[in-house]
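All heavy atoms count here, side chains included; hydrogens, waters and symmetry mates do not. Proteins come first, then strands; the chains are lettered A, B, ... in the order of their sequence lines, and each starts at number 1.
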Amino acid sequence: MQLAWNACPETKLCLIVVIERRPGCIGMSKENVILRMILSFALFLVAVTAEAQDSDAGVAVFFGRYSGTGIVHSKDADDTSMSLRNLDVEIGPSSSGGFEVRWTSLIRKFDGDVPSYMRKGLRVSFVPTGRAGVFRERSPGNPLDGEPLIWARHEHPTLTVYQLVPSKGGGFEVLSYERTLTEEGMTLVFRRLIDGVKVRTVEGVLKRETD
Amino acid sequence: MVIAIRFSMHVFALLVVAASVSTLAIADDLPLEEFFGVYVGVAEVLDEKGQAIGERHVDMVVEPDKRDGFKTTTIAVTLADGQRDKPGVKRDVVNSAFVFDGDGVYLASERGSLFSKKKDPDLIAGDVLRWARIKDRTLSLFSFVIEPDGRYELQITDRTLTAAGIDLSFRRYLDGIVVRTVAGRTVRVD
């Protein structure tokens, strides 16, 4: 017994597989229908997987060393202040798979004409999660144990690194480093929230030094 | 002999004052029991630009719960064209329960049953982290979740005790930007 199937181009199968109509052949056998449905589903899976891999592989365009300057806008308890920072960022592949981000900032503050300097930095290795474009720290911390949780998000051309840092008595900070590729390097927007209040923003421009 | 007694009295008075000052400093945060009660009031919903987009009637209960914790029930009626008896009115009920975890922190108690294994929420997998704390006269409830695309959503509900009842403030953030605010006042009725 043959299962009659209208294989005209109007069917959904035609979106993925071109069905050729041979003269005199008005229908397909049941086996051919099943085979074409399996092939269509396989092609769909390949397309979805490729999109996820594209997102992970897309982080490679960020690999390189960058340096530049950022302007800090701080809102302390009593006043608003500004200062400058020298910024250095290095993004590259990680030995455990995934990628690594290393950044340092040299903070210059002025007390009258007298400058003082402080250096801060962090180095984090990221590995893919089950979510496209989302990465976690290789050894993630548990905020309920007072440990920071760090993760990253890639939505081209921006790679954002986040930190959730718990503090005593139920308080917390959320830090985000939003790095967006440009022709010459990248821009950086850093935000720091303490208990939901934005207390610091840094906006910077960095040039790519090496690939 | 008389002089010695007077000196000792002065020292004793100074010690009493010092003890009182230090006690006051420790007791800055209100105890949880001060928030227990039934409250009714109104609130205004604001969008990310601070424009009023709706009004709500609020009915709230804060009561003690197991393990030195507390639970809250909040009923919010969103009016339609400023009225409760028109089509389009919405009613939302939110129940929350928290247990004391030490260091002034309360964690959401989401264990389904006595036999279910309690596990810490996995934020990377999309679990929601909920906790609460009291600072000064404000009981704050926090909710933090990482969205499927990696952005984070943060919700903060502040309940500040006043002479008449509780002032409410709710903010919803997406990647650090406030996208929704609700502010209101309630009076204690029980």
Without placing hydrogens or testing angles, list every side-chain donor-acceptor pair under 3.5 Å for residues 72-80 of chain B, not counting sequence neighbours.
{"from": "B:T73", "atom 1": "OG1", "to": "B:N95", "atom 2": "OD1", "distance (Å)": "3.0"}
{"from": "B:T74", "atom 1": "OG1", "to": "B:R159", "atom 2": "NH2", "distance (Å)": "3.3"}
{"from": "B:T78", "atom 1": "OG1", "to": "B:R56", "atom 2": "NE", "distance (Å)": "3.4"}

Exercise. Measure the spacing between CG of B:L123 and CG of A:L164 and express it to the nearest 0.5 Å.
Key: 6.5 Å
Self-check item: Distance, nearest 0.5 Å, that separates CD1 of B:I124 from CG of A:L149
Solution: 4.5 Å
Surrounding [atom1] of [X] (heavy atoms of other residues, nucleotides or ligands, distance under 6.0 Å), is the total greater than 12?
X: A:E184; atom1: CD; value: no
X: B:R171; atom1: CZ; value: yes
X: A:E155; atom1: CD; value: no

Exercise. Go through the steps for A:L144 and B:D101 under the test side chain to side chain contact (heavy atoms under 4.5 Å, CB included), then give the verdict.
Key: CA-CA 10 Å; A:L144 289 179; B:D101 193 58; 5.9 Å; no
Exercise. With a 4.5 Å cut-off on heavy-atom pairs, point out which of B:V178, B:D103, B:V105 contacts chain A the most.
Key: B:D103
Quiz item: chain A heavy atoms under 4.5 Å from B:A125: which part of the residue, side chain, backbone, both or neither?
Solution: backbone
Self-check item: Residue selection (most heavy-atom pairs with chain B, distance under 4.5 Å) from A:D145, A:T160, A:V174
Solution: A:V174
Practice problem: Below 4.5 Å from any heavy atom of chain B, which atoms of A:P140 appear? Answer side chain, backbone, both or neither. | Solution: neither
Self-check item: Charged N-O contact under 4.0 Å between A:R136 and B:D122
Solution: no
Quiz item: Where along residues 135-154 of chain B does a heavy atom come under 4.5 Å of chain A, listed by residue number?
Solution: B:F142, B:F144, B:I146, B:E147, B:P148, B:D149, B:G150, B:R151, B:Y152, B:L154
Quiz item: Do the non-hydrogen side-chain atoms of A:D195 and B:R133 ever get within less than 4.5 Å of each other?
Solution: yes
